[in-house]
Structure formats: structure tokens, C-alpha cells
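This report refers to the structure that appears directly beneath it.
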Amino acid sequence: ALREGRWVRDCDRVELSFAHHDRGPMRLQFVLALIVCGVIALGAQSPDLPVLKAGVATDTTLAAGQTRAFQIVLGEGDFAVVSIQKTPYLPVLEVLDPSGAVQLKAGWLQPSFFAAKPGTYRVRLSPNPNALPPGPFQILVEVRRATPADRVRADGDRVFAEGNTRAGEGSRAGLQAAVERYSAALELFRQGSYEAGETSVRLARGLSYSNLNDQKAARADLDLAIRLAHAADSPMVEARAWQYLASSYRATGELDEASRSAERALSLFERLGDVSGQSGTLNNIARLYGLQDDLRTALEYYDRALRLSLDAGDRSTAALVYVNRSDVLTSLGRLADSLETLNLAAPLIKALGLDSLELVRLNNMGIAYKQLGDYRKALEAYQQALAGYRRLGNASAEGQELDNIANVHQLLGEYQTCLDLHEQSPAIARRIGNRGLEATVLNNMGTTWQRQGEYARALEYHQQALTMRRASADRCGEASSL
């Protein structure tokens, strides 16, 4: 009956036998549970799930913590495109094939898939953990017989999804693998003449390049994504591209360009009514003011971002703002307020599983405790952050944490431990090409030798740092070395 897709409800008329009895009782209970509950055979329709009709928009809603599921019957060789409409907040969408296996997991505009076999496909929706839940919206599925170009597009969406999964790991290896998958998806979208897919991939690949600190490649992708999105009147994608471009310029200290890009993003998010995008961009603008030492204005922007995200229930942005806001409070000498802010972020970060943000929170706690003179607590926080960055394979952050720990040991008068730790960082910085980190560590090593009265050795390290900073046009760093 299960094979034929028929419903079976009367257990008295069912006889079951097992040729093998390993784990037999458990299997028997499971099969009986399926029958009693009326679970359908693979590929059969379920009367409990609403049916999506091709070409007909279905109204639904999705709140935090909820999941919505639908079903649609497809024939072999069908091509389906799913559109989420009337909301700026795209949910995570999963397509399950007739066997129940996840065929596609997507979080972008109009994902597509190919029906390799006939039967009932399920579409499952859940809120994106990094954005607000969609609330009321519409879901529309368009179905047609697949052309060769359609099949190429569906393959592109599948490979694109694989890239997103790897990027979500947060590690350097994951980001590098994501770039490879994105590049493969880009080629498929080009073959299928699917320009919207190319735009989405360039947006995602640009962000990954930026996180890998390849800002030249990041900007090439993001600039093109902006042009393509603007030409296609896709403000949601365009706004994200401006937001990511602002982060790229901030990473290289080009703060005027970063500010202009962030303001463009904010204007688009306001036009869309995307509260999550607005609060995230306000957070980014606050960071830019902080980098320019305009701490009062930075705090004002952080407070605006925090109010907006908390009022809207955007916990992920609120957690990010709390952590970044603590930086400014520490710089203003409000150390107790900084630690209180970081403690408010902790339960949000834990609930949402924001592992990378937790490491930044720990680092900021180390900074605050160090300035309070509580060096043991500072070391504890820094060492937890160091372990996390090593686990993620984030070499740049690992080198920075080693430098932070070394500086605390210096304050404790433990100079040899300090130097031993400092010796590890330049090799890491050279391996990943982070000249700024290498110069900072060399400068700090000079300070350590200076405190021991070894002025000739101190001068040697300071001179190396100065040369590197001049070569990279780091004017602030050059002034510090001088």
C-alpha cells in the first residue's frame, strides 16, 4: 500500500513481517506509527499541506520560529521557478523531491529547480536567521516544460546554493570553496543567459572576496552587481551591493567612499521599507564615524540602529550593534557600560548561533577588562577568542589575538612570554599577506624590548614597522611608529 501511494489506517487489516530482525522492533514500531498517523507514500499528495497551483499566487504569512510547507505536483522534465512577493525579507526556501530529500536550499530572488522524476514536491519556508521574518507575503510557482537553457539555470541555482552553504561556514577554507562554487554557478548562468542569476552570484561572490580581504576582486563583482541590479530595477539586490561595497572600502581605509556607498544603501533600504537593512546600514555608518574618531556621532548612529532593530524584533542586527557599540563605549572610557552592553549581546548571540560574532564579543571584553586593569579576565577572554579563530581557520584574527594576549603579558611584566607570542604573529601575517598586522606586531615587539631597556633592538623593530607602513601608505601607522 505504501509503495502504491494508498492510505492505510486500519492496523487490524495489516500484516507485517521482516526477513531480518536486526533492530526489528524499532522498525516495526516506526512503520506502524507511519500507518496510524496516515503518513503518505513517497511521492503521493498529502491532504494536510496546501497545494501550490502553477501561475497562481498563494497568500501566506511567516513569523519568527515558524515553518510553512506547501506541495506541488510536477511531471518528469518540468522546470519550476519560485517567487516570494510583497515582502522585503526573503525567507529560507527548501525544495524536497518526491523521496523527501532536500533538492535545493535557497535564500535569493526566484530560485529554480528541475523535476528529474514525477511526483509531489514540497516547498518548505522558514525565516532567514539573519533578517526579519517576512510576515504576510505571497508565494508564486511558475511551471513549464524545461528547455535546455532552463536545465542549465536550475544547475546554476543548485551550485549557487552549494556556494552559500560553504560561505556560511565562516572559515577561510569555506569562503575559498564558496568562491569556486560561485564561479561555477556564474558560468552556468551565463550559458543559460540568466542575467538575474549572474547579478545574485556577483553579489555573493563579492562579499566572499571581501571577507577574504581580496578587495580588488570584491569591488569588481560588486560594481557590476550594482549596474546590473539598477538596470533591472532590482533595488533589493542593489541595496545589498552598496552595503557590501561600503564594507570593502572601510576595510582599506577609504572612508569617504565607504560613507557614500553606505548612504546609497540606506536610501534604498528606506525606499523598500526594509527595517533590517536600515538598521544594519546605520550600524555600518556608525562604524565609519568611529574610525574617524567622531565617537559621539558614532554612538548616536548605534543608538538609532539599536532602537530600530529592537523595535522590529531583529535580534541578529541588535546583537551586532550591541557588540560594535561596546567599542565606542570603551574608547570613551565608559568601561562598565561597555561590559554591560556585551553582556546584553551574549544571550542573543547564543540563541541565534552567531559564532563569529561571539568571538568579536569576547575580543571586545578582553579590551575592556585590559583597560580596567583586570588582566586575568582579559587573558581569559582573549584566549577563548583565539581558540575560536583557530577553529574557524581565520589566520588574520588569530594573529591579532596572539598580539592582544602578548600585550597583556607585557603589562604583567612577563616579557619573555610576550616576546614568544609576538614571534608567532609576523609569520601568520606574512603567510596571509596582511602587511598591516605584521607592522603592528613589529611595532609592539619594539615596545616590549624598549620596556626592558634594550633600546637598540627596540629601534630595529620600530624601524621595520615604519618602513612597512610607509610602503603601504598607512599614514596613521607611520605616525605611530615615528
Side-chain angles (χ1 to χ4, degrees), residues 163-164 166-183 185-186 198-230 237-266 280-281 283-292 320 324 327 356-357 359-360 389 392-400 425 428-441 468-478:
N164 287 340
R166 295 307 306 272
E169 294 172 9
S171 66
R172 186 173 183 83
L175 289 169
Q176 289 170 334
V179 166
E180 292 176 5
R181 302 314 291 153
Y182 290 147
S183 299
L186 184 60
E198 178 181 351
T199 307
S200 295
V201 169
R202 287 194 179 279
L203 177 70
R205 192 173 70 172
L207 177 60
S208 291
Y209 274 132
S210 184
N211 289 334
L212 287 166
N213 206 32
D214 187 346
Q215 304 306 337
K216 182 179 179 181
R219 290 169 197 171
D221 270 339
L222 294 172
D223 283 337
L224 186 51
I226 287 168
R227 291 199 297 273
L228 291 171
H230 187 77
V237 176
E238 186 182 351
R240 291 291 173 197
W242 281 115
Q243 188 181 47
Y244 298 161
L245 191 61
S247 296
S248 175
Y249 281 121
R250 186 187 68 231
T252 54
E254 297 171 72
L255 303 185
D256 289 340
E257 287 293 337
S259 294
R260 280 192 285 271
S261 298
E263 291 292 347
R264 295 288 294 271
L266 182 60
T281 305
N283 169 80
N284 294 344
I285 293 172
R287 291 187 68 186
L288 293 172
Y289 278 111
L291 290 170
Q292 297 173 80
L320 177 64
N324 289 339
D327 258 343
S356 295
L357 185 58
L359 300 180
V360 179
Y389 284 127
L392 290 176
N394 187 332
S396 180
E398 178 187 350
Q400 185 61 62
S425 297
I428 294 172
R430 283 192 290 271
R431 188 176 75 243
I432 61 176
N434 190 333
R435 303 277 287 178
L437 174 61
E438 185 178 358
T440 297
V441 173
M468 292 184 69
R469 284 168 165 170
R470 280 177 171 165
S472 59
D474 179 1
R475 302 299 298 276
C476 291
E478 181 182 350

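We use all heavy atoms of the structure for the numbers below, so side chains are in, but hydrogens, waters and symmetry mates are not. Counting begins at 1 with the first residue of the sequence.
The two residues A262 and I285 have their closest heavy-atom pair at CB-CG1, 3.7 Å. The minimum heavy-atom distance between A178 and R166, with the atom names listed, is N-CB, 3.9 Å. Taking all atoms of both residues into account, the shortest heavy-atom contact from Q215 to T252 is CG-CG2, 3.7 Å.
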(message) Test side-chain contact (heavy atoms from CB on, under 4.5 Å) on R227 and L224; report intermediate values, then the result.
(response) CA-CA 5 Å; R227 291 199 297 273; L224 186 51; 3.4 Å; yes
(request) Apply side-chain contact (heavy atoms from CB on, under 4.5 Å) to D214 and V179, showing your working. (result) CA-CA 11 Å; D214 187 346; V179 166; over 6 Å; no
(request) Report the C-alpha distance between R172 and N394 in whole Å, list the side-chain angles of each, state the deciding distance to 0.1 Å, and finish with yes or no for side-chain contact (heavy atoms from CB on, under 4.5 Å). (result) CA-CA 6 Å; R172 186 173 183 83; N394 187 332; over 6 Å; no
(request) Decide yes or no on side-chain hydrogen bond (donor to acceptor under 3.5 Å, both in side chains) for R181 and S208, but give the supporting numbers first. (result) CA-CA 11 Å; R181 302 314 291 153; S208 291; over 6 Å; no
(request) Apply the test side-chain contact (heavy atoms from CB on, under 4.5 Å) to residues N164 and Y182: give CA-CA distance (whole Å), side-chain angles for both, the deciding distance (0.1 Å), then the verdict. (result) CA-CA 8 Å; N164 287 340; Y182 290 147; 2.6 Å; yes
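A 4.5 Å side-chain heavy-atom check between E398 and L392 finds every atom pair outside the cut-off. Two residues are said to be in side-chain contact when any heavy atoms from C-beta on lie closer than 4.5 Å; R287 and D327 fail this criterion.
Put simply, OG on S261 and CG on D223 are 8.5 Å apart, with the number rounded to the nearest 0.5 Å. Separation of atoms CZ (R205) and CG (L222) is listed at 10.5 Å; rounding is to 0.5 Å. Of the inter-residue distances, the one linking Q243 atom CD with N283 atom CG reads 9.0 Å to the nearest 0.5 angstrom. Rounded to the nearest 0.5 Å, atoms OG (S259) and CG (L266) are 12.0 Å apart. Put simply, CG on L228 and CG on D221 are 10.5 Å apart, with the number rounded to the nearest 0.5 Å. Put simply, CG on N211 and OG on S171 are 11.5 Å apart, with the number rounded to the nearest 0.5 Å.
Of the charged side-chain nitrogens involved, at least one lies within less than 4.0 Å of a carboxylate oxygen, so that E257 and R260 count as a salt-bridged pair.
Using modelled atom types, one side-chain atom of R219 and one backbone atom of S248 make a donor-acceptor pair closer than 3.5 Å. Checking side-chain atoms of S210 against main-chain N and O of G206 turns up no donor-acceptor pair under 3.5 Å.
The side chain to side chain contact (heavy atoms under 4.5 Å, CB included) test with R240 singles out one residue from L207, L245, L203, I226, and that residue is L203.
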